[in-house]
Amino acid sequence: MKFREMPVAPGGEGFLGHNAAFRNDRMGTLALLTQRTEPVLRLTLPMPGVQAMAVNDPDTVQEVLVEKAKSFGKSDMLRFSLYNLAGEGLFTSNGELWRKQRKLMAALFTPRALEAYAPDMVACAKRTVAGWADGRELSLHAETTRLTMGVAGKTLFDADTFSDADEIGHALTVALEWTGWIMGRPLAIGHVTVRRALENLAERFEGDGARGRVRGVIEAAIARLHGPVALLGKRGGDLARAVAFLDDHVQKMIDDRRRAGTRGRADLLSRLLEAHDEDGTGMDDRQVRDEVLTLFVAGHETTATSLAWTLYYACRNPALYAALEREVDAVGDSPTVADLPRLDLCLRAFKESLRIAPPVYIFGRDSREPVSVAGYDLTRRTNLLISPWALHHTPSIWPDPERFDPDRFLPKNEAARHRYAYLPFGAGPRVCLGNHFAYMEAQLAMAVLLRTYRFELLGEEEPEPSATLRPKHGVRVRVRLRDHARTMAGAAVLN
Ligand code: HEM
């Protein structure tokens, strides 16, 4: 079937089509997809010659992300929006570079490597609660961010980020908010359109000699258009300052490590600095910087957000909250890897929060060659939007989707569902590298937090769709030290 025969997604009726719809009401536009049963829906965009569509059912997710994964790459729009922060890091890169780096970094996420991170995860959770006091009001999202940032810094880079957590957190927030804001704006659309036109032009100059030289010039121009050429206005200035701060921080880490040496250390930074190609060339500082910032952001932002959402939903369900406390109390003050099977409800609640409020609520792919999807013929560079949030809120897949129910993740219920109906970590070769890391961190952090304090919710939440799906008000709570944590024996909880 021809692409133009594909049914059009609802919501894009205005002059600027779905582009305006997503900008004005992102969640409302995604919600419209959940009402439709077609596997794919065409999106209307004000960009001549650009084809875009939404993937709207688990079978088609499987077709695109798993079976035909080789025909797709990370989307130009995502790469443009994240370029200042993540450059050519693992999350945004494509092709050979991605393959090589993924293999290198996978070594940090083997089951054995993960086990070794558990004590640091528990230590960071204890350090977080040690900063609270009985009766204090706080933002759980800010606290879970401090916690997961500490874990990412320690386990991945053997660095202590706690002391600088607020400054780093602020810089990352500025950079991520810019990413969420710029996506789909005229500046980003302009860049992507010009880049594509240049790519089409370059293809016409095959061969050596003068043709090859022209092609070289065009390709050099394309390389400059991966990210914004200039950062203008207040937002642009804020982003430039935030990125300069992060660059300085990472460069200092690299310099310190080069001075201290990498021998005997197995963390990511040492691996990146030790890595060599077959011809003996090492990774340049720019690539190391891109990988460090990518992993640092990917490794803490999403987990912090989903931990805050999990605790929010737990607070709203007293029976669930009481059951979680019973579970963590049975484990005691210092959970270890061996306790993970006993923290099953924590895991199921965390999984359910990733269903109802997936931090990565949309992601994209661009086709790299002509390919068919759900029976429709796509040309090269068709843009595909995949929304875990929309899939997770489709009533035909998830009955009563607004109800928070960890039992959806009991083994028998998981087995009865389509494997790709649940997509918080993506799927296929580009599935999240840190999914098991996140599960383990969430279980251990919940065990410490819920064992030490009780949370009283101070207000309702709603999702704020930026680069990730954060809780708009940060999950405001009052914390109450639990009785056993007040006693002398309980003091050990905080050590
Ligand atoms: C609840 C927590 C997390 C969520 C919801 C999440 C979600 C995702 C998603 C959806 C993708 C795939 C995007 C796509 O296909 O376009 C992804 C990729 C990735 N994630 Fe996560 N993530 C989480 C935690 C982590 C952690 C803890 C780490 C590292 C410590 C991590 C590292 C990465 C990396 C490196 C990639 C890129 C993989 C590649 O393209 O090869 N993530 N994540």
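All of these numbers come straight from a predicted model, not from anything done at the bench. Indexing begins at 1, ligand by ligand and atom by atom, following the structure's order.
The Gly426 neighbourhood of ligand 1 comprises atoms 10 (C), with distances under 4.0 Å to a heavy atom of that residue. In the vicinity of Phe437, heavy-atom distances shorter than 4.0 Å reach the ligand 1 atoms 27 (C). Set against the non-hydrogen atoms of Leu90, the atoms of ligand 1 under 4.0 Å away are 35 (C), 39 (C), 40 (O), 41 (O). Ligand 1 places these atoms under 4.0 Å from at least one heavy atom of Phe109: 29 (C), 30 (C). Those atoms of ligand 1 with a heavy atom of Ser306 less than 4.0 angstrom away are 1 (C).
Of the protein's non-hydrogen atoms, Arg430 O, 3.7 Å is the one closest to atom 12 (C) of ligand 1. For atom 29 (C) of ligand 1, the closest non-hydrogen atom on the protein side is Gly299 CA, 3.6 Å. Counting protein heavy atoms only, atom 25 (C) of ligand 1 is closest to Ala298 O, 3.2 Å. Nearest protein neighbour of atom 2 (C) of ligand 1, counting heavy atoms only, is Thr302 OG1, 3.4 Å.
Residue contacts with ligand 1, taken as heavy atom pairs separated by less than 4.0 Å, involve Arg102 solely via side-chain atoms from C-beta onward. Within the 4.0 Å heavy-atom criterion, the part of Lys74 lying near ligand 1 is the side chain and not the backbone. Under 4.0 Å from ligand 1, the heavy atoms of Leu295 that appear belong solely to its side chain. Contacts between Val360 and ligand 1 below 4.0 angstrom, taking non-hydrogen atoms only, involve the side chain exclusively. Residue contacts with ligand 1 for Pro424 involve N, CA, C or O but no side-chain atom from C-beta outward (heavy atoms, distance under 4.0 Å). Within the 4.0 Å heavy-atom criterion, the part of Leu354 lying near ligand 1 is the side chain and not the backbone.
Using a 30° and 60° split on the angle between ring planes, Tyr422 and His392 fall in the parallel class, below 30°. Using the six-membered ring where Trp is involved, Trp181 and Trp178 have ring planes that are tilted, between 30° and 60° apart.
Partner of Asp255 under the side chain to side chain donor-acceptor pair (under 3.5 Å) criterion, out of Arg257, Arg258, Gln251: Gln251 alone. Partner Leu311 forms a side-chain contact (heavy atoms from CB on, under 4.5 Å) with one of Val477, Val475, Leu450 and no other, that one being Leu450. With Thr382 as reference, Gln51 is the one residue of Arg368, Arg365, Gln51 to meet the side chain to side chain donor-acceptor pair (under 3.5 Å) rule.
An N or O contact shorter than 3.5 Å is missing between Thr294 and ligand 1 by distance.
His300 places no side-chain N or O within 3.5 Å of a backbone atom of Val151 that could act as its donor or acceptor partner. Glu441 places no side-chain N or O within 3.5 Å of a backbone atom of Met121 that could act as its donor or acceptor partner.
Ligand 1 has Arg365 within reach: a non-hydrogen atom of the residue lies less than 4.0 Å from it.
In summary, Arg342 and Asp339 engage in a salt bridge, as defined by a charged side-chain N under 4.0 Å from a carboxylate O. Salt bridge status for Arg476 with Glu461: absent, with no side-chain N to carboxylate O gap under 4.0 Å. Using a cut-off of 4.0 Å between Lys/Arg side-chain N and Asp/Glu carboxylate O, Arg195 and Glu199 are scored as salt-bridged. Under 4.0 Å is where a charged nitrogen must lie from a carboxylate oxygen, and between Lys252 and Asp248 no such pair does.
In this structure, of Phe91, Trp98, Phe425, Phe72, the residue bringing a heavy atom nearest to atom 36 (C) of ligand 1 is Phe91. In the candidate list Cys432, Gly434, Ala86, Cys432 is nearest to atom 19 (C) of ligand 1, counting heavy atoms.
Shown here is His170, whose NE2 atom has no more than 12 heavy atoms of other residues, nucleotides or ligands within 6.0 Å.
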